[in-house]
Trainee: 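Have a look at this one.
So that the names make sense, note that chain A is the first sequence line, chain B the second, and so on, each numbered from 1.
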Amino acid sequence: VTVPTPAAEEPPAGPITKYRVTMRAPAGFDVDGNPLWHQAVDYVHDAHLAAYVADARTRWAYVGVSDEPDAGPGGYHGAYTLPAHLDHPDAGQYRPPTPGSEAERLLLEALANPSEAEPPPPDLDFTPDPNAAARADEEG
Amino acid sequence: MAIAILAERNSLAAKYATDAPNGCLFTGASSGAADPGTTGTTTTEVTTTGSPAYARKAIGGNWASATASASAVTGTATFDVPSGTTVYFAGVAVSATRGTADLRDYAAVTAQPFASQGTYAATYTYTQT
């Protein structure tokens, strides 16, 4: 893997079309009786939001979508992978980081690290586990 | 046998936190990939290919101070997760360095496949009976 040197300028960014999706599931109570949560935050293109949120609601107790567009920490140029099991024509689609962007450079840098020799495979065979949350609760 | 004395339950719960102060996340589960297993290896730990890169995180709360109360230690750690990753398990480990084979325990959490670079905040609780 050849890691490019940092570009002088980032490629131009277009309008942000992702929205922040916040998901929470109960994880018991603390010693004072306050509820505890697991929380995942992801950033999803508006065209995929309906399918993504419908799927997330099969596992998470709460799923909320931001009012304003938000590209998240990956930024406009970051990689994007629509989970393959979603009910959407784009399901399984992988969009790599924008060529020449800092996001691309950082990905190549990580892949050049011997401990990361295997690139992260898009998860194409994800099967939602409806019992995961209950099992997690039981196991604490 | 359950322990009758609260002070001893608190002592053992604090020991659990002291032994494994760092949280970590794992991929792989019902889709055919292996779960973390019981030997302490971490071959399915989330990769560092995102930005910010995934790293093990110190667990907060009274887990960090190892001061158990009511027989329990509890804390939260928030992880950066790269696009294309599905989180299935949260674990506790000795080292703060990703990939170190010193996993001490793990449990299934609510699974989530990430479309973009995102975050997963896992809450850890250990209760000594």
Side-chain angles (χ1 to χ4, degrees), chain A residues 18 21 23 25 27-32 36-45 48 52 55-56 59-61 71-75 78-86 94-95 102-103 106-107 110-111 113 115-116 118-123 125-129 131-133 135-136 139-140, chain B residues 10 13 27-33 43 45-54 61-62 68-76 78-90 97-99 105-127:
Chain A
K18 291 180 193 172
V21 181
M23 298 155 274
F29 297 89
D30 67 14
V31 293
D32 298 319
L36 302 170
W37 304 90
H38 295 308
Q39 176 175 290
V41 180
D42 200 359
Y43 302 84
V44 181
H45 280 295
H48 305 145
Y52 187 98
D55 170 67
R59 298 182 302 282
W60 296 88
Y80 184 80
T81 311
L82 190 64
H85 68 281
L86 295 190
Y94 171 65
R95 299 178 188 175
E102 180 68 1
L106 290 170
L107 174 61
L111 292 176
N113 181 334
S115 70
E116 298 295 342
E118 294 294 325
D123 187 29
D125 57 358
F126 173 76
T127 303
D129 180 355
N131 299 318
R135 203 168 54 241
E139 296 174 2
Chain B
N10 284 341
T27 65
S30 57
S31 61
T43 51
E45 190 167 357
V46 170
T47 67
T48 60
T49 50
S51 177
Y54 163 84
N62 70 352
S69 61
S71 311
V73 284
T74 299
T76 298
T78 301
F79 304 90
D80 297 300
V81 180
S83 167
T85 297
T86 301
V87 172
Y88 287 98
F89 298 95
T97 303
R98 181 208 169 270
D105 201 1
Y106 67 91
V109 293
T110 305
Q112 185 57 35
F114 281 79
S116 299
Q117 170 86 20
T119 60
Y120 197 112
T123 297
Y124 296 85
T125 299
Y126 176 77
T127 303

Trainee: Please name the pair of heavy atoms, one in A:R59 and one in B:P113, separated by the smallest distance, quoted to 0.1 Å.
Mentor: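 Heavy atoms of A:R59 and B:P113 come nearest at NH2-CD, 3.5 Å.
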
Trainee: Please report the shortest heavy-atom distance between B:T110 and A:A25, naming the atom on each side.
Mentor: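 So the minimum-distance heavy-atom pair works out to OG1-CB, 3.4 Å.
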
Trainee: Based on non-hydrogen pairs under 4.5 Å, which of A:G75, A:P73, A:G78, A:G72 is most in contact with chain B?
Mentor: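 When all of A:G75, A:P73, A:G78, A:G72 are compared, A:P73 has the most.
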
Trainee: With distance as the sole test, does B:T123 use its side chain to make a donor-acceptor pair with the main-chain N or O of A:W37 at under 3.5 Å?
Mentor: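 At least one qualifying donor-acceptor pair exists.
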
Trainee: Using the ring pair (Phe, Tyr, Trp, His ring centres under 6.0 Å) criterion, which residues pair with A:H45? Sequence neighbours excluded.
Mentor: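 A:H45 satisfies ring pair (Phe, Tyr, Trp, His ring centres under 6.0 Å) with A:Y80 once adjacent residues are dropped.
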
Trainee: Examine whether an atom of B:T74 lies under 4.5 Å from a heavy atom of chain A, and if so say whether it belongs to the side chain, the backbone or both; otherwise answer neither.
Mentor: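 B:T74 touches chain A through side-chain heavy atoms alone.
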
Trainee: Given side chains that start at C-beta, do those of B:S51 and A:E102 come closer than 4.5 Å, heavy atoms only?
Mentor: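 Sidechains of A:E102 and B:S51: no contact.
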
Trainee: For A:D30, give me all partners under salt bridge (charged side-chain N to carboxylate O under 4.0 Å, His left out), at least two apart in sequence or on another chain.
Mentor: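 Partners of A:D30 by the salt bridge (charged side-chain N to carboxylate O under 4.0 Å, His left out) criterion come out as none, since no residue qualifies.
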
Trainee: Give, as side chain, backbone, both or neither, the part of A:A103 having an atom under 4.5 angstrom from any heavy atom of chain B.
Mentor: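 Neither part.
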
Trainee: For a quick test of reading the model, state the closest non-hydrogen atom pair linking B:G118 to A:Y43 and the distance between them.
Mentor: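 Smallest heavy-atom distance, with atoms named: CA-CE1, 4.3 Å.
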
Trainee: Quick one: closest heavy-atom pair of B:S116 and A:D42, and the distance?
Mentor: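 For B:S116 versus A:D42, the nearest heavy atoms are N-OD1, 2.9 Å.
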
